[in-house]
Student: 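The structure that follows is given in the form of structure tokens.
Values below: every heavy atom of this structure, side chains too, minus hydrogens, waters and symmetry copies. What you see is a predicted model, and the numbers here were worked out from it, not measured in a lab.
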Amino acid sequence: MTTETGHDPRPADLESELRRLLCEIGRNLWTRGMVAANDGNISARLPDGTILCTPTGVSKGYLTPEMLPVVDVDGTVVRLGSGGRQPSSEVRMHMRAYQTSDAVGAVVHAHPPYATAFAIKGEALVGKLMPESVVAMPEIPLAPYATPSTDEVPDSIEPFVRSHPGCLLEHHGAITWGSDLMTAYLAMERLEYSARMTYLVRQIDGERQLSPERILAVQRRFGIVAS
């Protein structure tokens, strides 16, 4: 990333922009009904390797940039948010994603209704219903139930961090990750859309899978498999 003058922006400028974007994504989650009250949490890796994250006890629809605390990759607080705000206790599962893969630059945890319904049911989303899902998110696995705010939660997601862009959390919600904050957020949108489409087509008894031939054609077209 460079400025109009051709110079790399200062770390302080990058952090300021990341704080702004994190708050914007928090509002998106809230306005789209993916979180209620103080649910959910968001984090992103800063240029120095520390992690910017949402504070505990604040609605994602009402975040401001100065509220956001900073932790190290082990979850130790580096800087409190304004008013002494602490990070969410659920930051542990975010840290596990960062610890598991250097490719992870941001993590989003939310309770989107359709995805959470399947998480409560205990069903992974593996249907090949549309070409878009084959390309962007062919499988949404289910992490087994874990007691919130314990090490059981990060343990449950670790097997999926390197192989998938996110997963359902049994009886809990969903979590996604990506190379940057927008990628992680859009993965959450895609996950919830896949859950919603699965639900809707089942209501009209219309769940139809793409044929293996059509799946292979899509995979070849987008370079997922060799032609």
Student: Would you name the heavy atoms of Lys128 and Gln209 that are closest together and state the gap between them?
Tutor: N-OE1, 2.5 Å
Student: Spell out, as yes or no, whether a donor-acceptor pair under 3.5 Å connects the side chain of Glu123 to the backbone of Phe118.
Tutor: no
Student: What pair of heavy atoms forms the shortest contact from Lys60 to Gly40, and how long is it?
Tutor: CE-O, 2.8 Å
Student: Work out which heavy atom in Ser156 is nearest to a heavy atom in Pro144; give both atom names and the distance.
Tutor: CB-O, 3.6 Å
Student: Report yes or no: do Leu14 and Ile25 belong to one cluster of Ile/Leu/Val/Met/Phe/Trp/Tyr joined by side chain heavy-atom distances under 4.5 Å?
Tutor: no
Student: Apply the test side-chain contact (heavy atoms from CB on, under 4.5 Å) to residues Leu80 and Arg85: give CA-CA distance (whole Å), side-chain angles for both, the deciding distance (0.1 Å), then the verdict.
Tutor: CA-CA 6 Å; Leu80 295 174; Arg85 287 182 172 85; over 6 Å; no
Student: Determine whether Glu66 and Arg20 satisfy the following criterion, salt bridge (charged side-chain N to carboxylate O under 4.0 Å, His left out), listing intermediate values before the conclusion.
Tutor: CA-CA 9 Å; Glu66 64 274 7; Arg20 183 201 64 77; over 6 Å; no
Student: Flag the pair Val161 / Arg96 as yes when at least one side-chain heavy-atom distance between them is below 4.5 Å, and no otherwise.
Tutor: no
Student: Assigning hydrophobic clusters by single linkage (Ile, Leu, Val, Met, Phe, Trp, Tyr; side-chain heavy-atom cutoff under 4.5 Å), is Val104 placed with Val70?
Tutor: no
Student: Report yes or no: do Leu210 and Met137 belong to one cluster of Ile/Leu/Val/Met/Phe/Trp/Tyr joined by side chain heavy-atom distances under 4.5 Å?
Tutor: no
Student: If I take atom OG from residue Ser194 and atom CG from residue Leu129, how far apart are they, to the nearest 0.5 angstrom?
Tutor: 8.0 Å
Student: Start with the C-alpha gap between Leu63 and Thr54, add the side-chain angles, then the distance that decides, and say whether side-chain contact (heavy atoms from CB on, under 4.5 Å) holds.
Tutor: CA-CA 8 Å; Leu63 292 169; Thr54 47; 3.7 Å; yes
Student: Among Ser43, Ser88, Cys53, exactly one meets side chain to side chain contact (heavy atoms under 4.5 Å, CB included) together with His94. Which residue is that?
Tutor: Ser43
Student: Are Ile120 and Met34 linked, directly or through intermediate hydrophobic residues, by side-chain heavy-atom contacts shorter than 4.5 Å (ILVMFWY only)?
Tutor: no
Student: Compare all side-chain heavy atoms of Cys167 with those of Leu169 and state whether any distance is below 4.5 angstrom.
Tutor: yes
Student: How many angstroms lie between atom CG of Leu22 and atom CD of Glu17, to the nearest 0.5 angstrom?
Tutor: 11.0 Å
Student: Do Ile51 and Asp72 have side-chain heavy atoms sitting under 4.5 Å apart?
Tutor: no
Student: Decide if atom CG of Asp74 counts as having more than 12 heavy atoms of other residues, nucleotides or ligands within a radius under 6.0 Å.
Tutor: yes
Student: Would you check if Pro65 and Ser16 make a side-chain contact, meaning some heavy-atom pair closer than 4.5 Å?
Tutor: no
Student: Students often mix this up, so state it plainly: with edges at 30° and 60°, are the rings of His171 and Tyr145 parallel, tilted or perpendicular?
Tutor: perpendicular
Student: For Tyr193 and Glu189, does a side-chain donor sit closer than 3.5 Å to a side-chain acceptor?
Tutor: no
Student: Hey, could you give me the NE2/CE distance between His109 and Met93, rounded to the nearest 0.5 Å?
Tutor: 3.5 Å
Student: For Glu152 and Thr147, test the side chains for any donor-to-acceptor distance below 3.5 angstrom and give the result as yes or no.
Tutor: yes
Student: So do the side chains of Asn41 and Val91 get within less than 4.5 Å of each other, counting heavy atoms only?
Tutor: no
Student: Decide side-chain contact (heavy atoms from CB on, under 4.5 Å) for His111 and His172; before the verdict, give the C-alpha distance in whole Å, the side-chain angles of both, and the deciding distance to 0.1 Å.
Tutor: CA-CA 7 Å; His111 301 166; His172 187 168; 3.5 Å; yes
Student: Should the pair Glu15-Arg79 be classified as a salt bridge under the 4.0 Å nitrogen-to-oxygen rule?
Tutor: yes
Student: Do the non-hydrogen side-chain atoms of Tyr62 and Trp30 ever get within less than 4.5 Å of each other?
Tutor: yes
Student: Taking Glu132 first and then Arg190, would you say they form a salt bridge - that is, a charged N and a carboxylate O separated by under 4.0 Å?
Tutor: no
Student: Using the rule given for side-chain contact (heavy atoms from CB on, under 4.5 Å), can you reason through Thr50 versus Val71, listing the C-alpha separation, both sets of side-chain angles and the distance that settles it, and then say yes or no?
Tutor: CA-CA 6 Å; Thr50 58; Val71 299; over 6 Å; no
Student: If you measure from CG on Leu125 to OG1 on Thr198, what distance do you get to the nearest 0.5 Å?
Tutor: 5.0 Å
Student: For the residue pair Pro112 and Ala110, what are the closest heavy atoms and their distance?
Tutor: CD-C, 3.2 Å
Student: CG/Asp39 to OG1/Thr116 distance, rounded to the nearest 0.5 angstrom?
Tutor: 9.0 Å
Student: Does Val108 share a hydrophobic cluster with Val73, counting links as ILVMFWY side-chain heavy atoms below 4.5 Å and allowing steps through other members?
Tutor: no
Student: Do the ring centers of Tyr98 and Trp177 come within less than 6.0 Å of each other?
Tutor: no
Student: Between Thr183 and Ser179, is there a donor-acceptor pair closer than 3.5 Å when you use the side chain of the first and the backbone of the second?
Tutor: no
Student: Do the non-hydrogen side-chain atoms of Glu158 and Gln99 ever get within less than 4.5 Å of each other?
Tutor: no
Student: Is any side-chain heavy atom of Pro148 closer than 4.5 Å to a side-chain heavy atom of Glu90?
Tutor: yes
Student: At their closest point, which heavy atom of Met67 faces which heavy atom of Val58, and how far apart are they?
Tutor: SD-CG1, 3.8 Å
Student: What's the shortest heavy-atom distance between Ala174 and Leu191, and which atoms?
Tutor: CB-CD2, 3.8 Å
Student: Give, for atom CD of Glu24 and atom CE of Met182, the distance between the pair rounded to the nearest 0.5 Å.
Tutor: 6.0 Å
